[in-house]
Amino acid sequence: MIRTHEAGALRSSHAGTSVTLAGWVARRRDHGGVTFIDLRDASGIVQVVFRESADAHALRSEFCLRITGQVRRRPEGNENPELPTGEIEVVVDELEVLSASDPLPLPIDEHVEAGDDVRLRHRYLDLRRSGPARALRMRSRANHIARQVLHAREFVEIETPTLTRSTPEGARDFLVPVRLQPGTWYALPQSPQLFKQLLMVAGMERYYQIARCYRDEDFRADRQPEFTQLDIEMSFVDSEDVIALSEEIMAALWRELAGHEIGLPVPRLTWHEAMDRYGTDKPDLRYGVELTELTDYLRGTDFRVFSAAIMAGGYVGAVVMPGGASQTRKELDAWQDWAKARGARGLAYVVLDPDSGQARGPVAKNLSEPHLAGLADTVGAKPGDAVFFAASDDRRGAQELLGAARVEIADRCALVDTDAWAFCWIVDAPMFEPDDAGGWTPVHHPFTAPTDEWIDRFEQAPGAALAYAYDLVCNGNEIGGGSVRIHRADVQRRVFDLLGISPAEAAEKFGFLLEAFRYGPPPHGGIAFGWDRICALLAGADSIREVIAFPKTRGGLDPLTGAPTTITARQRTEAGVDAKPAPPTHPRSERAADGE
RNA sequence: GGUCCUGUGGAGCAGCAUGGAGUGCUCGCCGCCCUGUCAAGGCGGAGGUCGCGGGUUCAAAUCCCGUCAGGACCGCCA
């Protein structure tokens, strides 16, 4: 090492010793005869003092230095209690400039926020700032904590391929041309789902991986085209075992990184309960504002909007905005635009007069006296509140609109306790939901096991059949999801039949998995955690970009490297991008043609 | 694919609704001064195609259209 000590580690106990430090000029205070430099390395900052030094005068921000000097207590009254090293300073004997720095394109300063494009363009400078650096270090600790829990339980960390074939998550694949087989393409895995199931067949019993996953979909604040899952799979287990392990990992993470003791067991909601009460399968339980179903209460109403939904076997419900009656007409109209932006026709409302409790507003005129009289009690509204309604023959659609309104209400009314952590499991999710073409599509993925009650008859009511699936939710974010898998070939075949996946198609897509399942597959299940999102929550970050070393922008670009780039004509030819696929030659494709 | 917000010396912002000389603020940068500061201080200075293109106008940072870039949301995606 070219240094003897770390800058941030020096204390008054080091006084009187000679040290050699290496680091960066964080800040310079030049008084002419005496110059102070805050020298920063990974451990922190220490003040170094130059006297009558022309060299010090020439130093600039972010020069990389090596200095040798004497540690000593600061003169009486000059201590800085803000700094861990504030009792001492290093008086410089020797200075070596290891490298100079140009003026900075962005300030390395805790107090200035820079725009995302500048930060990412110079991410290596952004990461010199304490906040971003702390986020990455915290993520490293999170990885370590998870590994500790899993290794203590004899889990095996196994890496799976990133050049592979399409996995059944349902998103668009990233594709990689294959030079050696022109016209054929690898897919980057959307998750290690199939490989981890194969590892169960292989008898590994307890697998995990901090796995990079790839999905070619549009961005959000919590989405990147490549992202990370903590991926886990276990043999000879049921839901309870996976849930218990998950809780142990989460409890350790939050205990050590957030100083928060998660109340165990984590409360559970069934999927239907979550939809009924919160209008979402990832409810934020830090506040109330629950939905009320009014389908039965309003049965018989003359109001066309509601009666049409009720007659069609649909849903009418409401959510209350506390104090919402004080909104101006313009604000209430803005809710209509808000609802339309979400694809709804609008958002019916009544406001309750703050004094009389009288219901007013366009919808109130359309409701009968008895319906109006009991409304406030039924939905739990007080005078001065506003009540928003959604009605549709599509129960889930109406609930989701109210659920989105609930989130918006909590935001506008500042109902969210930002220090709180509210976890819950969403269990008993449906196996299937209707697809656009009148068929069925898996809610989770096609290997999710039906519950015991449904295993023999899920075909009879696919929309009602429940799965052994569980999602972990924290503060309204889905942070993990998993299921018990199907390990019986006959059940798997029936699921494929229902999904309209022919034996030939199944063999083509997952033939290797089905084949593996011919050789004594163990019952197994697992879970995958959205690792970026979990780290962002623990770091208190708004975006997962903050906990990714080199994230991409919303357009999928990396402003630092300039990726993605065009390729040369030669690369194009060599990669075989334009090659016509040859007739299948390799063994797996032949078998696919056989239809298993 | 759709809706919305943002783009002004190196950084962060104000100016734009109501067009009138690149105007302002904080920081940084350069030079000088300064022996106890710690987001040091003082004096002076440099630095701009107001993202880009087009239009309206006597006149555009400001209004209109398009486009690019960054961000938020819907669709999509667990």
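Per chain, numbering begins at 1; letters A, B, ... match sequence-line order. FYI, side chains are in, hydrogens and waters are out, and symmetry mates aren't considered; it's all heavy atoms of this structure. Predicted model, so just to flag it, every value in this text is computed and none were measured.
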Would you give a per-nucleotide map of nucleotides 67-76 of chain B, 5' to 3', where B means the base has a protein non-hydrogen atom under 4.0 Å away, S means only the sugar-phosphate does, and - means neither? ---SBSBBBB
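Sorted by residue number, the members of residues 78-88 of chain A with any non-hydrogen atom under 4.0 Å from RNA chain B read A:Asn78, A:Glu79, A:Asn80.
At the phosphate of B:G31, OP1 or OP2 sits under 4.0 Å from a side-chain N or O atom of A:Arg60. Close to B:A40, at under 4.0 Å from its OP1 or OP2, lies a side-chain N or O of A:Arg29.
We find that CZ of A:Phe36 is positioned 8 Å from P of B:G36, with the value rounded to whole Å. When the P atom of B:C13 is taken as reference, atom CG of A:Leu106 falls 13 Å away, rounded to whole Å.
Put simply, the side chain of A:Phe63 does not reach to within 4.5 Å of the side chain of A:Ser99, judged on heavy atoms. Taking 4.5 Å as the limit, some side-chain heavy atom of A:Leu560 sits within range of a side-chain heavy atom of A:Tyr124.
With hydrogens and angles ignored, no donor-acceptor pair closer than 3.5 Å exists between the side chain of A:Arg27 and the base of B:G28. Not a single donor-acceptor contact under 3.5 angstrom links the side-chain atoms of A:Glu76 to the base of B:G36.
Ring stacking holds between A:His31 and B:A40, with the centres under 5.5 Å apart and the planes within 30 degrees of each other.
Only the C1' atoms considered, B:G19 is 6 Å distant from B:A60, to the nearest whole Å.
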